[in-house]
Amino acid sequence: MPAVLEPARTAVRRLHRPLLLMVASMALLLVVSAVGMVADDRVLLGAPVWGKPLKFAVSFIVYGLTLAWLLTLPHRASRWTWWMATLLAVTGMLDVGVVVVQAARGTFSHFNQADDPFNNVIQLIFGVGVQLLMLANFVLAGLLIFQRVGDRVLTWAIRGGLTFVIAGIGLGLLIPVRSSEVWTAKDAAGHAIPLAAQHNVGVPDGGPGLPLTGWSTVGGDLRIPHFVGLHGLQVMLVVALVLGFLASRVTLLRDERTRARLMIVAAAAYAGLIVLVTWQALRGQALIHPDGQTLGALALLMAATTAASWAVLAAGGSPGPRRVVRSVT
């Protein structure tokens, strides 16, 4: 049994330890935030004060584990990727730590313009941390996108997924760029706090929202495309995993080139989905209340994806050119 488990042990030892430390700290935060959701009845803009730390904890756990596994795959510039992942782990813990501190204080972590010494320091740390976190993601993506990591299917999954991560970061920046006017909201203690941006479109921040995510159900919400982009890497890897699972059961999928082309189709479809939810949010439309234009665009995207998938399968299943063998008599 120990000999059988040795490959798994070796893989675990190769996992990026700073990322695992970050994941462990986020797992602890997840427990603390879940307890806080029950024990602390304070709210910010109608949402529990511990809701944001809980969501950040889940997001960083998923991303940290994905990246730690990804870096175990053979790739070039591994020393650079190790250091960038370390920077990501450190700045991730730093920024989420700011979110936790502000939640404990019952005030806002993002875009908080309150003019007091402690908040000024907190926002300075948060701003520097966000910039370094973005830098780490950009460098990691740049190093991994332009090389082959694994087989063709996995390579395209990684390329598409990391591209979506960068797109998700960019869409997050759309929030302060689009709404740069300072407005005022009350913290958990009822104090008026000036905020530099709003994530909702067409309606004020706060108000009715979806369970867990808090995404607005009455207007557009730019957190949605931000989220969809950031977690595109996990979606692409799941698609690659499903294609690999089906390859042993579906004859048409046994060809690696066919699966790679389907992976590209899936990436294109996901890119279209990001564009769609961004367009929907910018028009001030809630995710769960799409209008005819949004539904029409979604139907068109689904039809194009289906047609492209059938074309790939048809090309993969068609017989190659026949070789004519002439007998010599």
Side-chain angles (χ1 to χ4, degrees), residues 4-17 19-20 23 62-85 88 136-168 228-274 304-321:
V4 174
L5 294 177
E6 188 56 34
R9 291 173 179 169
T10 302
V12 171
R13 285 196 295 267
R14 291 175 58 192
L15 289 173
H16 191 276
R17 292 187 178 182
L19 282 174
L20 293 184
V23 169
V62 172
Y63 189 49
L65 288 175
T66 304
L67 195 57
W69 168 81
L70 182 58
L71 294 181
T72 65
L73 302 176
H75 61 277
R76 297 190 301 273
S78 58
R79 181 171 297 181
W80 274 92
T81 58
W82 192 94
W83 281 111
M84 287 300 102
L88 188 150
N137 275 289
F138 289 157
V139 175
L140 273 171
L143 290 172
L144 294 174
I145 284 175
F146 297 104
Q147 61 176 294
R148 180 165 178 169
V149 181
D151 62 13
R152 295 178 183 178
V153 183
L154 183 57
T155 295
W156 281 109
I158 292 170
R159 287 172 177 171
L162 289 175
T163 300
F164 297 144
V165 170
I166 300 306
V228 174
L230 285 179
H231 292 288
L233 177 59
Q234 287 77 41
V235 174
M236 292 296 100
L237 291 176
V238 168
V239 173
L241 182 65
V242 171
L243 288 173
F245 174 78
L246 293 176
S248 61
R249 293 163 173 79
V250 181
T251 303
L252 288 175
L253 296 179
R254 290 176 184 171
D255 185 359
E256 182 183 302
R257 292 171 298 180
T258 298
R259 299 198 307 277
R261 289 165 185 164
L262 286 175
M263 192 70 246
I264 294 173
V265 171
Y270 199 81
L273 178 63
I274 294 175
T305 302
T306 302
S309 299
W310 276 113
V312 169
L313 292 173
S318 60

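Atoms considered below: every heavy atom in the structure, side chains included; atoms not considered: hydrogens, waters and symmetry mates.
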Measure the spacing between CG of Leu162 and CE of Met236 and express it to the nearest 0.5 Å.
-> 11.5 Å
Can you measure from OG1 (Thr155) to CD1 (Ile145) and round to the nearest 0.5 angstrom?
-> 12.0 Å
Is there side-chain contact between Ile166 and Phe138, with at least one heavy-atom pair below 4.5 Å?
-> yes
Work out which heavy atom in Gly229 is nearest to a heavy atom in Ile274; give both atom names and the distance.
-> CA-CD1, 3.9 Å
Are more than 12 heavy atoms from other residues, nucleotides or ligands located less than 6.0 Å from atom CZ of Arg254?
-> yes
Locate the shortest heavy-atom distance separating Val149 from Pro74; write the atom from each residue and the value.
-> CG1-O, 4.1 Å
Once you round to the nearest 0.5 Å, how far does CD1 of Ile158 lie from CG of Leu70?
-> 4.5 Å
Check whether any side-chain heavy atom of Phe164 lies under 4.5 Å from a side-chain heavy atom of Val235, and answer yes or no.
-> no
Is there a side-chain contact between Tyr270 and Val228, using heavy atoms and a 4.5 Å cut-off?
-> yes
For Arg152, does its backbone N or O pair with a side-chain atom of Glu256 as donor and acceptor, under 3.5 Å?
-> yes
Could you tell me which non-hydrogen atom of Leu233 sits nearest to which non-hydrogen atom of Ala157, and how far apart they are?
-> CD1-O, 4.5 Å
On a heavy-atom basis, the closest approach of Ala68 and Leu19 is N-CD1, 3.7 Å
Output for pair (Leu15 CG, Leu65 CG), nearest 0.5 Å, gives 8.5 Å
Would you confirm whether Arg159, through its side chain, and Phe146, through its main-chain N or O, come within 3.5 Å as a donor-acceptor pair?
-> no
Which atom of Thr81 lies closest to which atom of His75, heavy atoms considered = OG1-NE2, 2.8 Å
Could you tell me the separation between the CG atom of Leu67 and the CG atom of Asn137, rounded to the nearest 0.5 Å?
-> 8.0 Å
Separation between CG of Leu313 and CG of Leu253, rounded to the nearest 0.5 Å | 6.0 Å
Let me see the working for Leu88 and Tyr63 under side-chain contact (heavy atoms from CB on, under 4.5 Å), right down to the final yes or no.
-> CA-CA 11 Å; Leu88 188 150; Tyr63 189 49; 3.8 Å; yes
Minimum side-chain heavy-atom gap Leu154-Leu237 below 4.5 Å = yes
